[in-house]
Amino acid sequence: MDCSEEVQPASEEPCAQLELKKGMSIFIDILRRADKNDDGKLSFDEFKAYFSDGVLTAEELKELFHTIDTHNTDNLDTDELCEYFSQHLGEYENVLAALEDLNISILKAMDKTKKDYQESTHLEQFVTRFLLKETTNQLHSLQSSLECAMETTAEQTRQEKQGPLKPEVLSIQWSGRRSNRRLQRNNSLSPNNPLLSLVNSGIYDEDSQWIVQVNRLQKLIDRLEQKEIRLEPVEEEVVESKSHILIVQRQLSVLEEELEEFRLALRQYIECACIQTGCLHIAVQRLANESRYILYEFWENNNVWKNHLQTNYSKTFQRGNVDFLETPETITTMLVPASWWVLNNN
């Protein structure tokens, strides 16, 4: 991310000033990723798509956009982004500078590894692989801390603007086997976690009874959509309005050339979603001979699912789907009695 290489439309004098401030190259990368039509500037729609965090309203984003747009062109360039954010960096000025140095150091190490690995001894290759693994672990640890801070600050702001939400908690008796599995999933992700097979197979197969249940739900949804049957209750049952769980079906048609990247993003999304409070289960099916996925998500209630949609990992997955999917995803939701879940787990 070199300012002299990336910012062609800007004048040379502002570019030289940006080079003097370490860490500002991140905004060149931000502009490149947010600029969907590659015209070297951000429209409000591009700005909103990239900077929207689920907390600021559309009006607040519009106001921020015009505040940054000091040139009054209804577009933002790198100079304007750097000028605005440099006034608010605080301690993150040191963080961005360190990230810039870290990026350069990692690229240098990767280049040397590429040149020297094949000629290294067996033990030297082991050391290289070990250092790569530990570097990755350290970066993942930092990423987890940052994501936790992002979730906390976003939730605090939402509560300040809307007031704290009262979560609805269902009294569900988990079987011992599934409780142990859920506890293990909350504490750590084992290398043997079935989610890790998603990259290779594209299918999240936890146990056979769930596959049977998902298939039954799929057939029921298909028949209901085709309006071939009319369901009537054999016996009227009075239930409380809060005694239901939410099932979300998401259909995603993936571009063939983006299949591997999508699988990785999907695995990361499921790993994050499964450990969230209120997530009961997630299952994935891939249709044979097609690059189409059907994702089933089971949530304790509608509010929990809506809060999940505002999390950073969910929004990251949705943003990635803009590039991965052939057509926009189709989402169908259904409420079912919570007693069904209890019966299935007993």
Side-chain angles (χ1 to χ4, degrees), residues 174 177-178 181-182 184-186 188-225 245-300 302 304-336 340-341 344-345:
W174 301 91
R177 177 174 61 87
R178 189 168 295 276
R181 183 184 303 161
R182 188 174 181 84
Q184 181 184 26
R185 193 163 53 195
N186 281 325
S188 63
L189 286 174
S190 166
N192 297 322
N193 191 299
L195 289 170
L196 297 180
S197 65
L198 186 62
V199 174
N200 298 324
S201 66
I203 299 176
Y204 177 26
D205 184 10
E206 184 175 358
D207 49 51
S208 58
Q209 67 169 338
W210 272 110
I211 295 301
V212 172
Q213 188 72 5
V214 167
N215 286 335
R216 290 175 59 192
L217 287 170
Q218 175 62 55
K219 290 178 181 179
L220 176 59
I221 292 172
D222 290 342
R223 293 173 69 186
L224 286 172
E225 289 177 343
I245 63 173
L246 179 71
I247 301 177
V248 181
Q249 181 201 62
R250 305 174 66 171
Q251 299 189 40
L252 308 104
S253 298
V254 185
L255 294 167
E256 286 289 345
E257 60 271 20
E258 301 290 347
L259 204 52
E260 291 303 319
E261 289 292 328
F262 171 78
R263 285 176 176 172
L264 178 59
L266 180 59
R267 186 195 71 179
Q268 294 172 343
Y269 167 76
I270 292 177
E271 289 176 347
C272 291
C274 281
I275 63 175
Q276 296 301 307
T277 301
C279 179
L280 303 177
H281 182 73
I282 294 182
V284 177
Q285 289 185 329
R286 181 184 177 185
L287 301 186
N289 303 321
E290 294 184 41
S291 58
R292 187 155 72 94
Y293 287 77
I294 301 179
L295 182 64
Y296 295 93
E297 302 181 9
F298 296 74
W299 297 91
E300 284 187 356
N302 194 55
V304 170
W305 177 61
K306 288 182 178 178
N307 290 338
H308 150 76
L309 293 178
Q310 299 302 322
T311 59
N312 288 304
Y313 69 83
S314 177
K315 287 185 286 188
T316 298
F317 181 62
Q318 294 176 50
R319 281 197 296 265
N321 285 342
V322 174
D323 298 323
F324 298 148
L325 301 186
E326 186 175 357
T327 58
E329 70 171 300
T330 302
I331 299 180
T332 306
T333 61
M334 176 192 301
L335 288 171
V336 299
W340 293 8
W341 175 272
N344 188 72
N345 282 278

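Sequence positions, counted from 1, serve as the residue numbers for this chain. Computed from heavy atoms alone, side chains included, the values below leave out hydrogens, waters and symmetry copies.
Partners of Glu326 according to the side chain to side chain donor-acceptor pair (under 3.5 Å) rule, which considers only residues two or more places apart in sequence or in another chain, do not exist here. For Glu258, there are no side chain to side chain donor-acceptor pair (under 3.5 Å) partners, not counting sequence neighbours. Remark: Arg319 engages no residue in a side chain to side chain donor-acceptor pair (under 3.5 Å) (not counting sequence neighbours). Listed by chain and residue number, Arg250, Glu297, His308 satisfy the side chain to side chain donor-acceptor pair (under 3.5 Å) test with Tyr269 (two or more places apart in sequence, or in another chain). Residues satisfying the salt bridge (charged side-chain N to carboxylate O under 4.0 Å, His left out) criterion with Glu261, sequence neighbours excluded, are absent altogether. The side-chain contact (heavy atoms from CB on, under 4.5 Å) check on Thr333 picks up Leu246, Val248, Trp305, Ile331, with sequence neighbours excluded. Residues satisfying the ring pair (Phe, Tyr, Trp, His ring centres under 6.0 Å) test with Phe324, not counting sequence neighbours, are none. By the salt bridge (charged side-chain N to carboxylate O under 4.0 Å, His left out) test, Glu257 pairs with no residue at all, sequence neighbours left out. Applying the side-chain contact (heavy atoms from CB on, under 4.5 Å) rule to Asn312 yields the partners Met150, Glu151, Lys315; only residues at least two apart in sequence or on another chain are considered.
For the residue pair Arg286 and Glu290, the shortest heavy atom distance occurs at NE-O, 2.9 Å. Heavy atoms only, all atoms of each residue included: Cys274 and Cys279 are closest at CA-SG, 4.0 Å. Shown here for Asn321 and Leu252, the closest heavy-atom pair between the two residues is ND2-CD2, 3.6 Å. For the pair Val254 and Ser291, the tightest heavy-atom approach, listed with the atom from each and the gap, is O-OG, 2.7 Å. When all heavy atoms are compared, the tightest approach of Gln318 to Leu309 is NE2-O, 3.7 Å. The two residues Asp323 and Leu255 have their closest heavy-atom pair at O-CD1, 3.6 Å.
Atom CD of Gln249 is separated from atom CD of Gln285 by 9.5 Å, given to the nearest 0.5 angstrom. Here the straight-line distance linking atom CG of Leu264 with atom CG of Leu259 works out to 12.0 Å at 0.5 Å rounding. Rounded to the nearest 0.5 Å, atoms CZ (Phe298) and CE (Met334) are 9.5 Å apart. Distance check, rounded to the nearest 0.5 Å: CZ of Arg263 to CD of Gln268 gives 14.5 Å. To the nearest 0.5 Å, atom CD1 of residue Ile270 and atom CD1 of residue Ile275 are 13.0 Å apart.
Using a 4.5 Å heavy-atom threshold, the side chains of Leu266 and Phe317 count as touching. Within the 4.5 Å cutoff, no side-chain heavy atoms of Val284 are placed close to those of Ile294. The shortest side-chain heavy-atom distance between Tyr296 and His281 does not fall under the 4.5 Å cut-off.
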Requested in this report: Walk me through it: do Gln251 and Arg292 pass the test side-chain contact (heavy atoms from CB on, under 4.5 Å)?
Outcome: CA-CA 7 Å; Gln251 299 189 40; Arg292 187 155 72 94; 2.6 Å; yes
Report task. Apply the test side-chain contact (heavy atoms from CB on, under 4.5 Å) to residues Val336 and Ile245: give CA-CA distance (whole Å), side-chain angles for both, the deciding distance (0.1 Å), then the verdict. Result -> CA-CA 6 Å; Val336 299; Ile245 63 173; 3.4 Å; yes
